[in-house]
Amino acid sequence: MTLVQTYNRIAHDYAEDHKDDRWGYDLIDEMISHIPKDAEILDAGCGPGYECAYMARQGYSVMGVDFSAAMIREARKRHPGLSFVVMDMTALKFPENSFDAIICRSVLHHMPKSQTAAILRKLAATAKRDGWLYLSVKGGTGESFETESDYGYVYRRYYTYFLVNELKKLFEDVDLAVVKSAVVSGANANRVQLLARKT
């Protein structure tokens with residue numbers, strides 16, 4: 001079963017399980033404090049759309065994309081009126097310099113580390129000059145498929161783990177200047193978070 005098939009299968013259970021997650025919102029708040037209310041924000045890998053709804057409630061124009069059609073159905077059902085599109089974040093179809101800010105929460109750690117630099121380069125290109133990026137991944141080392149059964153059935157997901165300095169270097173290599181970093185406990189794991197600005 002591919003990763004997108006897994007997320008299509010677990011979409012509803014995942015959406016219920018994560019509806020109260022608020023870790024990382026302090027850095028998201030800091031990010032949006034630097035951008036005007038008419039700013040356009042992209043949530044790359046939006047899942048059930050909770051961060052999109054959070055930012056929309058504060059007056060921002062938000063576009064959520066996810067490669068899982070089932071996740072997008074969950075997002076549209078839970079947040080009617082917001083914009084959600086089925087799209088793989090590894091092949092974003094937006095022109096360069098499209099968004100004032102981008103968030104990518106708990107997504108990049110599902111990609112092989114060999115793809116990380118290319119994905120970050122694409123995200124950076126999609127942001128406007130002086131635009132912002134908030135990103136979080138699982139903290140640690142290594143990468144592998146992991147078997148899980150959180151929802152009463154077995155499924156597998158690929159995980160890649162990152163150290164703070166490792167992620168900072170990847171950001172610097174694609175002209176993303178790190179403004180703040182933090183490691184927090186969230187959703188049963190340590191989460192490495194970076195807030196950066198496109199230079």
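Small disclaimer: the values here were computed from a predicted structure and weren't measured. For reference, positions follow the sequence shown, starting with 1.
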Practice prompt. Walk me through it: do Trp132 and Leu195 pass the test side-chain contact (heavy atoms from CB on, under 4.5 Å)?
Written response: CA-CA 7 Å; Trp132 292 83; Leu195 178 62; 3.9 Å; yes
Fill in: Criterion side-chain contact (heavy atoms from CB on, under 4.5 Å) on His12 and Lys77, from CA distance to verdict
CA-CA 11 Å; His12 178 74; Lys77 178 177 68 177; 4.0 Å; yes
Worksheet item: side-chain contact (heavy atoms from CB on, under 4.5 Å) between Phe67 and Met87: does it pass, once the steps are laid out?
Response: CA-CA 5 Å; Phe67 72 165; Met87 187 185 298; over 6 Å; no
Discussion item. Go through it in stages, so that I can follow the logic: the residues are His18 and Tyr50, the test is ring-ring contact (aromatic ring centres under 6.0 Å, His included), and I'd like the CA-CA distance, side-chain angles, deciding distance and then a yes or no.
Written reply: CA-CA 9 Å; His18 291 274; Tyr50 296 126; 8.6 Å; no
Practice prompt. Walk me through it: do Thr6 and Arg156 pass the test side chain to side chain donor-acceptor pair (under 3.5 Å)?
Written response: CA-CA 7 Å; Thr6 294; Arg156 298 175 78 219; over 6 Å; no
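Here the side chain of Thr2 pairs a donor or acceptor atom with the backbone of Gln5 at under 3.5 angstrom. Between the Asn190 side chain and the Val183 main chain, no donor and acceptor come within less than 3.5 Å of each other. Checked by atom type and distance alone, the side chain of Asn8 pairs as donor or acceptor with a backbone atom of Ala70 at under 3.5 Å. Between the His109 side chain and the Gly139 main chain, no donor and acceptor come within less than 3.5 Å of each other. Side chain of Thr199 to backbone of Ala177: no donor-acceptor contact under 3.5 angstrom is found. Between the side chain of Arg191 and the backbone N or O of Val184, no donor-acceptor pair lies under 3.5 Å. Put simply, the side chain of Lys198 gets close to the backbone of Ala124: a donor and an acceptor are under 3.5 Å apart.
The closest side-chain heavy-atom distance from Val192 to Lys138 is not below 4.5 Å. Side-chain contact between Gln58 and Ile32: present, with at least one pair of heavy atoms (C-beta onward) separated by less than 4.5 Å. Under the 4.5 Å side-chain criterion, counting only non-hydrogen atoms from C-beta, Met111 is in contact with Met89. Using a 4.5 Å cut-off on side-chain heavy atoms (C-beta onward), Ile35 and Tyr60 make contact. In this structure the side chain of Leu108 reaches within 4.5 angstrom of the side chain of Leu135, judged on heavy atoms.
Between the side chains of Asp66 and Ser68, no donor-acceptor pair of N or O atoms lies under 3.5 Å. Between the side chains of Tyr54 and Asp29, at least one donor-acceptor pair of N or O atoms lies under 3.5 Å.
In this structure, Phe162 CZ and Leu167 CG are separated by 6.0 Å, a value rounded to the nearest 0.5 Å. We find the CD1-CG distance between Ile103 and Leu42 to be 8.5 Å, quoted to the nearest 0.5 Å. To the nearest 0.5 Å, atom CZ of residue Phe94 and atom OG1 of residue Thr126 are 8.0 Å apart. Taken to the nearest 0.5 Å, the CD1 atom of Ile102 stands 12.5 Å off from the CE atom of Met63. Distance NZ/Lys93 to OG/Ser98: 13.5 Å, rounded to 0.5 Å.
Comment: Glu16 engages Arg78 in a salt bridge, judged by a side-chain N to carboxylate O separation of less than 4.0 angstrom. Ionic pairing of Lys169 and Glu172 is not present here: no N-O contact between side-chain nitrogen and carboxylate oxygen is shorter than 4.0 angstrom. Ionic pairing of Arg157 and Glu146 is not present here: no N-O contact between side-chain nitrogen and carboxylate oxygen is shorter than 4.0 angstrom.
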Contacts table for residues 112-120: side-chain donor-acceptor under 3.5 angstrom, sequence neighbours left out:
residue: Lys113; atom: NZ; partner: Tyr161; partner atom: O; Å: 2.8
residue: Lys113; atom: NZ; partner: Glu166; partner atom: OE2; Å: 2.8
residue: Thr116; atom: OG1; partner: Lys113; partner atom: O; Å: 3.1

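The salt bridge (Lys or Arg N to Asp or Glu O under 4.0 Å) check on Lys168 picks up nothing, with sequence neighbours excluded.
Here the rule is ring pair (Phe, Tyr, Trp, His ring centres under 6.0 Å) with Phe145, and of Tyr158, Tyr155, Tyr159 only Tyr158 fits it.
For residues 30-40, the pairs satisfying side-chain hydrogen bond (donor to acceptor under 3.5 Å, both in side chains) are Glu30-Lys180, with sequence neighbours left out.
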